[in-house]
Amino acid sequence: MARFSLAELLAARDRTDVDLWGRTINPQFSRVLRTIGFDREWSRAEGAYLWDSHGEKYLDMLGGFGMFNVGRNNRRVRAALVEALELDLPGSVQLGASPLPPLLAQELLRRTPERLERVLFTSSGTEAVEAALKLGRAATGRGRVVSTQEGFHGLTLGSLSANGDGEVTERFGPLLAGFEQVPFGDLDALERSLRTEDVALFLVEPVQGKGVNLPPPGYLRGAQELCRRYGTLFCVDEVQTGLGRTGKLFAFEHWDLEPDLVPIAKSLSGGYVPVGALLMSRAVHEAVFDSMEHAFSHGSTFAPNELAMAAGLATLHELDEQRLVERSARLGEQLLALTRPLVERFDVVHDVRGLGLLWAIEFGEPPSGQRSYRLVDRAQPGLFAQLVIGPLFKEHRILSQVAGHKIPVLKGIPPLMLSEDDVEWFAGALDETIAKAQRLPRALVRFALTEARIG
């Protein structure tokens, strides 16, 4: 029998990864990568760094959209996965209790408020949100869901219906009925929606991930109180903000919240295995799983698989042992201290904000009304941010992202084991790049207009 070898399969490729991706998965994505100059061939990754096929080292400020909190290819998480495979565990018995899921559930609940007493495992963040929507409606007997404008909760249909960004929803209507968005930070608008007492749950990100929008003082505590008053479940979406990202294990800890439902995912497995979970109160769980007949009211075939559970247990251990949550808080403060002065230094920088290592810089038209800036922004709103991430990548070897289509925000969500030197590398490169981009030479304007044509 022929031996299977991934190394040999990779070595035998006759096209670049970008070519193969375009031929078999998404041609438009490959086209975007080539247009913006991100069509590198990546050879390896470790911690907060990527290396291309020429051996050049890049700082990863994107972190796989926030799933590598414990670093890329974390060796201790990998060792746990290898050990799980070697143990030949009886995983996914389905009509039987396998050993690792309750251990991970126990470790998660040990780190949360007493109100949260049950865990339902999923395979992704959007599935965790879908579970919250489904179980929340069943538990309350209500049909409506309220979320916030500019919020993001996933791209499957239920999660999409809760999103507050028309850029990601407008092509996929009609969305599900019964969903409403209110302005983030507006308690009066939230109360007007809840006082009808037919809202099953209020779904909110503690910090809006897309633009890194921080809640006004008192907002989340006030929202929780309104939910309790009107019998609405308080659902805090921690898919991106959880597991140390904001300098607390869960972002809701910053405001001493006690949610009824908490979807988590992304970095729970250290980036190795798809995994998510919905943490919930006993009251919600028992209102749905209320009899033996209803023991299978929700689930997923692969969700509590042993590899995902082993990776989750190892990731929590790594966060504790390496003190990565505390590191996120400390380095987040350093990053803000180094980048907030850019607001005064450059007219085009309107704001720098963040919490832990969830960070953003927002651009806008200078007070002088620079003609070239208006030209670029007219071609596509928010395009100036692309003029920053391009040179950051090509000239400074830093991978970063714009926060979203037509959003003038550059966002950073790096691995939490970033070093102090890495923060200085990024801040210095950002300063130099904005200085060049603010002058908007003709070549950059041409590049921007090219960008707009692919947007």
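Count residues from 1 along the sequence.
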Nearest 0.5 angstrom please: [X] [atom1] to [Y] [atom2], how far?
X	Y	atom1	atom2	value
L316	L104	CG	CG	6.0 Å
L108	L313	CG	CG	8.0 Å
E238	Q240	CD	CD	10.5 Å
L133	L203	CG	CG	6.5 Å
L410	F363	CG	CZ	5.5 Å
S328	N69	OG	CG	7.5 Å

Between [X] (side chain) and [Y] (backbone), is there a donor-acceptor pair under 3.5 Å?
X	Y	result
T433	L430	no
Q224	E258	yes
Q438	D347	yes
K57	Y49	no
R78	N73	no
R327	L418	yes
T232	V199	yes
S43	W51	yes
D320	H317	no
S159	V129	no

- Item | Verdict with reasoning, E318 to N74, per side-chain hydrogen bond (donor to acceptor under 3.5 Å, both in side chains) | CA-CA 9 Å; E318 187 74 356; N74 183 287; 3.0 Å; yes
Side chain proximity check, [X] to [Y], heavy atoms < 4.5 angstrom:
X	Y	answer
F426	W359	yes
L268	L243	yes
P206	L220	yes
L342	D431	yes
R340	R353	no
I264	F250	yes
L201	T140	no
R118	L116	no

- Assess R221 against W255: is NZ or CZ under 6.0 Å from the centre of the six-membered ring, and within 45 degrees of the ring's axis?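 Negative - R221 is either too far from the ring of W255 or too far off its axis.
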Between the side chains of [Y] and [X], is the shortest nitrogen-to-carboxylate-oxygen separation below 4.0 Å, so that they form an ion pair?
X	Y	answer
R228	E225	no
E117	R282	yes
R397	E56	yes
E326	R330	no
R229	E191	yes
E205	K210	no
K406	D165	no

Within a reach of under 6.0 Å around [atom1] of [X], are more than 12 heavy atoms found that belong to other residues, nucleotides or ligands?
X	atom1	answer
R75	CZ	no
E114	CD	no
F302	CZ	no
F65	CZ	no
R171	CZ	no

Show every donor-acceptor pair shorter than 3.5 Å between a side-chain atom in residues 173-188 and any protein atom, with sequence neighbours excluded, or say none if there are none.
{"from": "E180", "atom 1": "OE1", "to": "R144", "atom 2": "NH2", "distance (Å)": "2.4"}
{"from": "E180", "atom 1": "OE1", "to": "S193", "atom 2": "OG", "distance (Å)": "3.3"}
{"from": "E180", "atom 1": "OE2", "to": "S193", "atom 2": "OG", "distance (Å)": "2.7"}
{"from": "Q181", "atom 1": "NE2", "to": "S147", "atom 2": "OG", "distance (Å)": "3.3"}
{"from": "Q181", "atom 1": "NE2", "to": "S161", "atom 2": "O", "distance (Å)": "3.2"}
{"from": "D186", "atom 1": "OD1", "to": "D188", "atom 2": "N", "distance (Å)": "3.1"}
{"from": "D186", "atom 1": "OD1", "to": "A189", "atom 2": "N", "distance (Å)": "2.9"}

- Go through the steps to decide whether K134 and E130 satisfy the test side chain to side chain contact (heavy atoms under 4.5 Å, CB included), and finish with yes or no. CA-CA 6 Å; K134 176 182 171 181; E130 294 275 359; over 6 Å; no
- Task: For W42, enumerate each residue passing the ring-ring contact (aromatic ring centres under 6.0 Å, His included) test, keeping only those at least two apart in sequence or located in another chain.
- Result: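 If we apply the ring-ring contact (aromatic ring centres under 6.0 Å, His included) test to W42, skipping adjacent residues, the hits are Y58.
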- Item | From K394, R31, Q386, residue fulfilling side chain to side chain contact (heavy atoms under 4.5 Å, CB included) relative to I36 |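 Result: among K394, R31, Q386, Q386 is the only option passing the side chain to side chain contact (heavy atoms under 4.5 Å, CB included) with I36.
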- Task: Begin from the C-alpha positions of L214 and L355 and carry the test side chain to side chain contact (heavy atoms under 4.5 Å, CB included) through to its verdict.
- Result: CA-CA 8 Å; L214 299 167; L355 192 60; 4.0 Å; yes
- Return yes if a side-chain donor-acceptor contact under 3.5 Å exists between T156 and T126, otherwise no.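 Side-chain D/A pair, T156 to T126: present.
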- Task: Decide yes or no on side chain to side chain contact (heavy atoms under 4.5 Å, CB included) for Q401 and I413, but give the supporting numbers first.
- Result: CA-CA 9 Å; Q401 68 167 125; I413 42 174; 3.6 Å; yes
- Could you please spell out the steps behind the side-chain hydrogen bond (donor to acceptor under 3.5 Å, both in side chains) verdict for H153 and N163? CA-CA 6 Å; H153 302 285; N163 283 351; 5.2 Å; no
Of all heavy-atom pairs between [X] and [Y], which one has the smallest distance, and what is that distance?
X	Y	answer
L257	P113	O-CG, 3.8 Å
G354	V212	CA-CG1, 4.3 Å
A45	L50	CB-CD2, 3.6 Å

- Which of parallel (below 30°), tilted (30 to 60°) and perpendicular (above 60°) describes F29 and W21? tilted
- Task: Under the side-chain hydrogen bond (donor to acceptor under 3.5 Å, both in side chains) rule, what do S124 and E127 come out as? Steps first, then yes or no, please.
- Result: CA-CA 5 Å; S124 69; E127 289 177 59; 3.2 Å; yes
- Query: Given the rule in the side chain to side chain contact (heavy atoms under 4.5 Å, CB included) test, do I361 and D351 qualify, once you have shown the distances and angles that lead to the verdict?
  - Reply: CA-CA 6 Å; I361 184 168; D351 190 26; over 6 Å; no
- Can D198 and T196 be said to form a side-chain hydrogen bond (donor to acceptor under 3.5 Å, both in side chains), step by step? CA-CA 6 Å; D198 60 351; T196 54; 2.6 Å; yes
